Every structure is written in structure tokens, then in C-alpha cells.
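Letters A, B, ... mirror the listed sequences (proteins, then strands); counts begin at 1. This one's a predicted model, so the numbers in the text were calculated from it and none came from an experiment.
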There are 2 protein chains.
Amino acid sequence: MDPYPKPLRDLIFQLKRLPGVGEKTATRLALFILADREDFAGELAGALTAVRDAIRLCSVCYNLADMPKCSICQDPSRDHSMICVVEEPSDVLALESAHAYKGLYHVLHGLISPMNGVGPQDIRLPELMERLSKTQVSEVIVATNPSVEGEGTFHYIAKLIEERNYPVRVSRIASGIPMGAEVKYMDQVTLASALRYRRNVKDR
Amino acid sequence: MDPYPKPLRDLIFQLKRLPGVGEKTATRLALFILADREDFAGELAGALTAVRDAIRLCSVCYNLADMPKCSICQDPSRDHSMICVVEEPSDVLALESAHAYKGLYHVLHGLISPMNGVGPQDIRLPELMERLSKTQVSEVIVATNPSVEGEGTFHYIAKLIEERNYPVRVSRIASGIPMGAEVKYMDQVTLASALRYRRNVKDR
């Protein structure tokens, strides 16, 4: 017999849907939520409902937003002639936290992946091309992951832009040895890429 | 500037209150909840609200319940003359999953801990003594953890029952080397305890 009452069992079931959360963790979290003296359960429920009801995708760049346009696209101080193309909203967060980019973004919500049946029409690529046809853009930086799908999507975007003769510079974020890492521990593909895309000292 | 809209930031803030969840995990969980195509956010919010509104403590044993009495206390097939005293509701779950006990429980919701300013009146110990004064109980099994607080609480309960001359057998769950563990890796305290409380082969 189940010693836990049904509402608690239901909450454990829902928490188990979270990534990396199994039966034991879900039980621990549910009991923690229940034991909280303040109204944690109510506040978390409220935050979830607000996210569900208020969050939409920016009509320009498809980043997460709570207004028709996201805060970045609305910001007049940013460089609206540059678009950084990323896979997911969390990539925007990571790049923003580097404080090294002042242009706009375009969130694809996926990468082209023939293996998984994801084609160019299944991600926000048509929307990127339409955006490029309508607005003055000087550079598109493709910041997809240096993976098979990320590289493939980069080449596809570069080809599309070239075919349409848009006067847009297309670039790829650098890949190589990350700061703080050691050469001796790097994988072969990263080392090969880091050698291939070496900089001339003069370019600095 | 924060590239995440406020409702999402609020959800991340709430998720960070969970044990073992930091900024990165909370962000990952929030984006996962948001990306779910079904209404995960709504269902999780509903489960949280239901838990908050429906879960109470059993009026008899203080286990979690969604009725005035928990399912164990309501079950006529269980042995109502035995009470197993535990620290937390999750201890009830663990013991129930062993399918080795058919009596009732008493959840203390804490242990006596002078270091942390928790006295006998701060846990459900008065309620246990009142229960023993009102109902026919043949045995109280104290199943608190084999820690300083758990042992202290056990001795306190045993003394209280003895002082009041209740005709109740008080017992302590065995502590020793757990199944599957190896003697050579056990800590000294466990080994000392396992030696001290060794069984005679005849008792089996």
C-alpha cells in the first residue's frame, strides 16, 4: 500500500518529468516543498502559471519574451545591423553574460539534423531569411555549437545567404581551445580545428 | 541587461529554492518546462496547489495525509497495538517499502537536539505520550536514525515510558553492518555497535 496520499504522489509524478530527476529526487523535492513553512508550493505554482501564460517568442528574433518584441530587439542602444544566430534561448543568455556582443540575435530553436528528420523548414531559418530580406543587416554571426549539426546548419545558412546575393558578411564564431584548458588534455578534433584556424600574430 | 523576461526570471528564482538546485540547474529546468509541448507548467502548478491545499498531518500519527486520518491509521488489517516511531514522513515510506512491518507509525517531525535548540516539546513527542495513555499499545519500536540525535531521542522516549509505568515494550531497530556492505570498509562506530549487539545463533 502506498503510504503517501494521492496529491503528494501526483506531485512526485510531475517532478519526475524534469530532466535528471528520478523517483528518489522527486520524493525529496516534494517533501521539501511540503515542509517549507512559507508558501513555497503556492509561489512556485504561481511562477509556473505566469511563465506559461506570459512567455511567448519575440516576433523578430524568436528569443523568449513577455512582450511582442524581446528586450534586446527593443533596445535602441544595440547594433541592429548585426545578427547573431543561435540554436536556443539559453545560448542568448550565455553570450549576453560575456558582455562582448551588442547586436541582435536570431534563435533557430533547433539545428538542421537529417538524422533526426529536422530540415531547414522545421527551424526558424525561413524567418531568418525573411528578416534579412526586409532589414539592413551588415553581418550575420553564426554561433551554433561546433557539432556536426551546428556546422551543417552554419554551412547551410552561409550557402543560402550567398545564393541570394545579400550584401551581408557571414561569419562563424571561433572554435578552439577554451580559456583555462590544457593542450595536453584537449581532444583531437578541437586541436585540429585550433591549428587550422590559427591566427597570425599581426591580426591581433 | 537581463535577456530573460521577468516571468522566466521569477520561475528560475523559485526553482533555486529547491535543495541542490543552483542558478544553472534552475535555468535548465525552467527552459525545459517552457519548451515542453504539453502543458507541463500547468500540470506541475496544479499538482503543487493540490499538495498545498490537500495535504495535512494525520491526527493520530502525524504522517502525511489527505484525510483527517492517514491511510495506514485507517487500515483495519494493520496491527494497531504496535507503534513505530520515526523522525520524518520519508522514513515511513522507506519502512513501508521493506514490507516487513504491519503496525502503525508515529512521526516525530524532528529529533531532540539541544545543540539546535530542539527540545522534547518541539517535536510530536507529547502527542506520542498522549497516544500511549489513551490506546492499548503492546510495543513501541523506535526507528530514529543511529545518530547522536536519534539515539538521544530513543533514550528519552524509553525513559519517559518507563517512568510512567506503561505496560509497553520499548525496542530499538537494530543497527549494524548493512546488507551487501563489506566489513573491511565499515566505519569504527558501526563495527563497534555491530559487535556489541551481536546475536546468539540460538536466537535466530
From B:Lys6 atom NZ to A:Ile55 atom CD1, the distance as rounded to the nearest 0.5 Å: 10.5 Å
For chain A, the option from B:Ala30, B:Gly42, B:Gly46 that forms the most heavy-atom pairs under 4.5 Å: B:Gly42
Residue selection (most heavy-atom pairs with chain A, distance under 4.5 Å) from B:Ala50, B:Ala65, B:Gly20, B:Ser97: B:Ala65
Top of A:Asp39, A:Asp53, A:Leu31 for chain B proximity - count of heavy-atom pairs under 4.5 angstrom: A:Asp39
Pairwise side-chain contact, B:Asp66 with A:Leu8, heavy-atom cut-off 4.5 Å (strictly under): no
Per-residue contact mode, B:Leu18 against chain A (heavy atom under 4.5 angstrom): both
Structural part of A:Ile33 lying under 4.5 Å from a heavy atom of chain B: side chain
Gap separating the CZ atom of B:Arg56 from the CG atom of A:Leu34, nearest 0.5 angstrom: 12.5 Å
Minimum-distance pair of heavy atoms, taken over all atoms of A:Ala45 and B:Thr49: CB-OG1, 3.6 Å
Under 4.5 Å from any heavy atom of chain B - which part of A:Phe40: both
Options A:Glu43, A:Met67, A:Arg28, A:His109, ranked by heavy-atom pairs under 4.5 Å with chain B, top entry: A:Glu43
Part of B:Thr27 lying under 4.5 Å from any heavy atom of chain A: side chain
Separation of A:Leu48 CG from B:Asp10 CG (nearest 0.5 Å): 11.0 Å
Portion of B:Leu44 that has a non-hydrogen atom of chain A nearer than 4.5 angstrom: both
A:Leu64 to B:Pro5 - nearest heavy-atom pair and separation: O-CD, 3.6 Å
